[in-house]
Amino acid sequence: MEQNSSSPSPVVIEHKAYARIGLLGNPSDVYDGRTISLSIDNFWASVRLQPSADLLIVPHPTHDLVKFNSLSHLVNRLENEGYYGGVRLLMATCKVFNSYCKEQGIHLHNKNFSLSYDTNIPRQTGLSGSSAIACAAFSCLLDFYNVREKIGVKIRPQLILNAEKELGIVAGLQDRVAQVYGGLVYMDFNKASMNKNGHGNYTQLDTSLLPPLHLIYAENPSDSGKVHSAVRQRWLDGDKFIISSMEEVANLALQGRTALLEKDYAKLATLMNQNFDLRRQMFGDAALGALNIEMVEVARRVGAASKFTGSGGAVVAFCPDGALQVEALTDACKKAGFSIVPVKVVPSLLNETDIRTLVTKNWTQTTKTNVFSLPCPVENVR
Ligand SMILES: Nc1ncnc2c1ncn2[C@@H]1O[C@H](COP(=O)(O)OP(=O)(O)O)[C@@H](O)[C@H]1O
Ligand SMILES: O=C(O)[C@H]1O[C@H](OP(=O)(O)O)[C@H](O)[C@@H](O)[C@@H]1O
Ligand SMILES: [Mg+2]
């Protein structure tokens with residue numbers, strides 16, 4: 001049973017958080033930049049909170065596997081999926097939620113609950129599967145403790161990010177913003193706003209401004225921590241090429257907002273391609289991975305615009321020439337062994353209480369934290 005988000009004494013609370021696509025500007029969210037991102041209905045994580053005598057974090061029967069047929073089954077599983085599932089994300093979300101409430105003097109009742117989760121977001125494909133689990137859990141806690149009004153929408157993405165940082169998962173803010181707000185969001189992470197408020201400036205755009213988009217993905221888990229670490233270090237060291245290229249990437253989101261508002265889709269296509277080309281120059285082919293690059297190239301060979309949704313594993317494609325081009329793209333993906341689906345955009349996820357928090361006050365954290373943590377710690381090894 002799904003509860004009304006503002007209900008004070010819910011029996012069972014269930015929330016979904018959706019996979020996200022970085023449409024333009026990523027990864028500049030990790031580098032004081034700007035992005036346009038959207039939440040998609042194709043994949044999601046759901047978290048269920050049930051009142052219980054003890055506080056219980058329920059392992060997922062497949063994602064948190066601890067029982068194996070044999071030693072080789074165990075090793076195979078670890079090699080393909082890594083050591084971790086979602087349990088640690090649920091735990092870290094509870095911890096960060098509690099710390100923020102303490103810090104802000106927000107009273108929490110002392111009833112207990114059980115948290116369980118499920119997800120169909122392809123694992124580690126740059127669709128933000130990790131933060132979907134954390135985000136859905138965070139929403140459940142907001143309702144269980146009835147504190148939606150006290151923890152404003154603008155600060156929630158940062159708190160969800162803190163939960164992942166607690167675990168050493170390397171990530172930026174765009175994922176969590178898209179997942180908290182839903183729909184299509186323009187985000188500006190300029191340093192002045194981040195330092196002053198602990199969050200960026202986020203504006204929801206009308207989802208009907210979007211042309212039809214396609215999502216291409218493959219069984220090809222990639223670790224955003226590994227992908228980002230060298231570039232991040234160069235950026236921190238003041239590397240001029242990285243700094244100016246990141247600024248260019250951030251500007252693509254600015255130009256993309258105008259292109260969307262004017263429904264100038266030829267421009268949108270150009271910007272998407274430029275976005276990937278800049279990423280490729282900065283990160284290099286070895287870091288991006290041959291299969292990921294091939295996903296982009298497959299789309300480009302039929303004249304579609306294409307770029308990564310996140311740090312690798314999935315690609316967002318736009319066919320400016322319409323239905324015949326979509327057919328050609330679908331055929332090309334099938335031949336290459338890639339999955340392709342039309343993107344289904346999620347509408348805004350904000351309810352009336354959430355919307356009120358957008359105007360009532362500044363949502364700051366007393367304890368300020370960096371948006372992105374490096375070097376990437378051992379826990380991040382999949
Ligand atoms: N589908 C999933 N099921 C369970 N846990 C997941 C899943 N996807 C991610 N995680 C958890 O999140 C961590 C980091 O994932 P990450 O590399 O950020 O992937 P993504 O790009 O999907 O967010 C994993 O080590 C794991 O603990
Ligand atoms: O490189 C990117 O575009 C994104 O990488 C991470 O997302 P992921 O889904 O793990 O690939 C990071 O969390 C985002 O902030 C970056 O924009
Ligand atoms: Mg992630």
Side-chain angles (χ1 to χ4, degrees), residues 17 19-37 43-47 59-65 78 80-93 117-137 157 160-161 163-179 187 189 200 217 220-229 231-232 246 249-250 252-253 275-276 278-280 282-283 287-289 292 307-316 371-373 376-382:
R20 74 90 189 84
I21 287 179
L23 181 65
L24 281 173
N26 58 311
S28 78
D29 59 310
V30 181
Y31 304 87
D32 304 336
R34 307 178 194 90
T35 65
I36 299 176
S37 314
F43 302 108
W44 66 86
S46 62
V47 173
H60 188 280
T62 53
H63 302 310
D64 297 289
L65 208 59
L78 297 184
N80 291 318
E81 312 234 353
Y83 283 85
Y84 302 112
V87 161
R88 61 178 186 153
L89 290 163
L90 299 181
M91 287 190 182
T93 304
Y117 78 99
D118 201 358
T119 177
N120 57 23
I121 303 179
R123 196 183 174 92
Q124 299 193 292
T125 46
L127 290 167
S128 221
S130 59
S131 58
I133 297 169
C135 185
I160 295 162
L161 180 61
E164 292 182 67
K165 283 167 58 184
E166 180 80 17
L167 302 170
I169 296 174
V170 176
L173 266 173
Q174 68 143 341
D175 320 336
R176 289 99 201 129
V177 175
Q179 288 166 331
M187 312 168 193
F189 302 99
Y217 59 99
N220 176 33
S222 90
D223 183 327
S224 53
K226 279 191 208 147
V227 175
H228 272 281
S229 53
V231 169
R232 176 74 183 172
M246 267 320 161
V249 173
L252 298 177
N275 202 149
F276 181 72
L278 283 162
R279 181 190 288 267
R280 193 168 179 177
M282 286 187 284
F283 287 74
L288 297 189
N292 289 328
K307 65 179 285 299
F308 284 3
T309 58
S311 61
V315 159
V316 55
V371 177
F372 206 76
S373 54
C376 137
V378 264
E379 292 98 299
N380 200 39
V381 174
R382 287 188 300 108

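These numbers were taken from a predicted model, which means no experiment stands behind them. Each ligand, and each atom within it, is numbered from 1 in the order the structure gives.
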Enumerated ligand 1 atoms positioned under 4.0 Å from heavy atoms of [X]:
{"X": "G86", "answer": "4 (C), 5 (N)"}
{"X": "T119", "answer": "1 (N), 2 (C), 3 (N)"}
{"X": "I121", "answer": "1 (N)"}
{"X": "Y84", "answer": "25 (O), 26 (C), 27 (O)"}
{"X": "G126", "answer": "21 (O)"}

[X] [atom1] to [Y] [atom2] distance, which is reported to the nearest 0.5 Å:
{"X": "D29", "Y": "I36", "atom1": "CG", "atom2": "CD1", "answer": "12.5 Å"}
{"X": "R176", "Y": "S130", "atom1": "CZ", "atom2": "OG", "answer": "5.5 Å"}
{"X": "I21", "Y": "T35", "atom1": "CD1", "atom2": "OG1", "answer": "13.0 Å"}
{"X": "S131", "Y": "E164", "atom1": "OG", "atom2": "CD", "answer": "5.0 Å"}
{"X": "D175", "Y": "T309", "atom1": "CG", "atom2": "OG1", "answer": "9.5 Å"}
{"X": "L89", "Y": "I169", "atom1": "CG", "atom2": "CD1", "answer": "4.5 Å"}

If we only count heavy atoms from C-beta on, is the [X] to [Y] side-chain gap below 4.5 Å?
{"X": "R279", "Y": "L288", "value": "yes"}
{"X": "P157", "Y": "Q174", "value": "no"}
{"X": "T93", "Y": "I160", "value": "no"}
{"X": "K307", "Y": "N26", "value": "yes"}

After noting the C-alpha distance and the side-chain angles of F283 and F308, does the key distance pass the ring pair (Phe, Tyr, Trp, His ring centres under 6.0 Å) rule?
CA-CA 13 Å; F283 287 74; F308 284 3; 8.9 Å; no

Trace of the side chain to side chain contact (heavy atoms under 4.5 Å, CB included) decision for V30 with V231
CA-CA 11 Å; V30 181; V231 169; over 6 Å; no

Should you measure from each heavy atom of [X], which atoms of ligand 2 turn up under 4.0 Å away?
{"X": "Q174", "value": "15 (O), 16 (C), 17 (O)"}
{"X": "R20", "value": "7 (O), 8 (P), 9 (O)"}
{"X": "R279", "value": "1 (O), 2 (C), 3 (O)"}
{"X": "D29", "value": "14 (C), 15 (O), 16 (C), 17 (O)"}
{"X": "G126", "value": "8 (P), 9 (O), 11 (O)"}
{"X": "N26", "value": "3 (O), 17 (O)"}
{"X": "A171", "value": "13 (O)"}

Answer with yes or no whether S128 contacts ligand 2, where contact means a heavy atom under 4.0 Å from a ligand atom.
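For ligand 2, residue contact (heavy atoms, under 4.0 Å) with S128 is present.
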
Do any N/O atoms on G172 end up under 3.5 angstrom from N/O atoms on ligand 2?
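Yes.
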
Can you find an N/O atom of G310 closer than 3.5 Å to an N/O atom of ligand 2?
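Checking ligand 2 against G310, an N or O pair does fall under 3.5 Å apart.
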
[X] and ligand 1 - part of the residue with a heavy-atom distance under 4.0 Å:
{"X": "S128", "value": "backbone"}
{"X": "E164", "value": "neither"}
{"X": "L89", "value": "side chain"}

Quick one: does P122 get an N or O within less than 3.5 Å of an N or O on ligand 1?
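N/O-N/O distance below 3.5 Å does not exist for this pair.
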
Is there any N or O on R88 that sits under 3.5 Å from an N or O of ligand 1?
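Yes, since at least one N or O of R88 sits under 3.5 Å from an N or O of ligand 1.
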
For G85 and ligand 1, answer yes if some heavy atom of the residue is under 4.0 Å from a ligand atom, otherwise no.
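Per 4.0 Å heavy-atom rule, G85 contacts ligand 1.
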
Has G82 got any heavy atom lying under 4.0 angstrom from an atom of ligand 1?
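Contact check G82 vs ligand 1: negative.
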
Apply the test side chain to side chain contact (heavy atoms under 4.5 Å, CB included) to residues V249 and M282: give CA-CA distance (whole Å), side-chain angles for both, the deciding distance (0.1 Å), then the verdict.
CA-CA 11 Å; V249 173; M282 286 187 284; 3.8 Å; yes

Return the minimal non-hydrogen interatomic distance between A253 and G25, and the atom names on each side.
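That closest heavy-atom pairing would be CB-CA, 4.1 Å.
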
Students often mix this up, so state it plainly: with edges at 30° and 60°, are the rings of Y117 and H63 parallel, tilted or perpendicular?
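Ring orientation, 0 to 90° scale: parallel.
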
Side chain, backbone, both or neither: which part of [X] has a heavy atom under 4.0 Å from ligand 2?
{"X": "T309", "result": "neither"}
{"X": "K307", "result": "neither"}
{"X": "R176", "result": "side chain"}

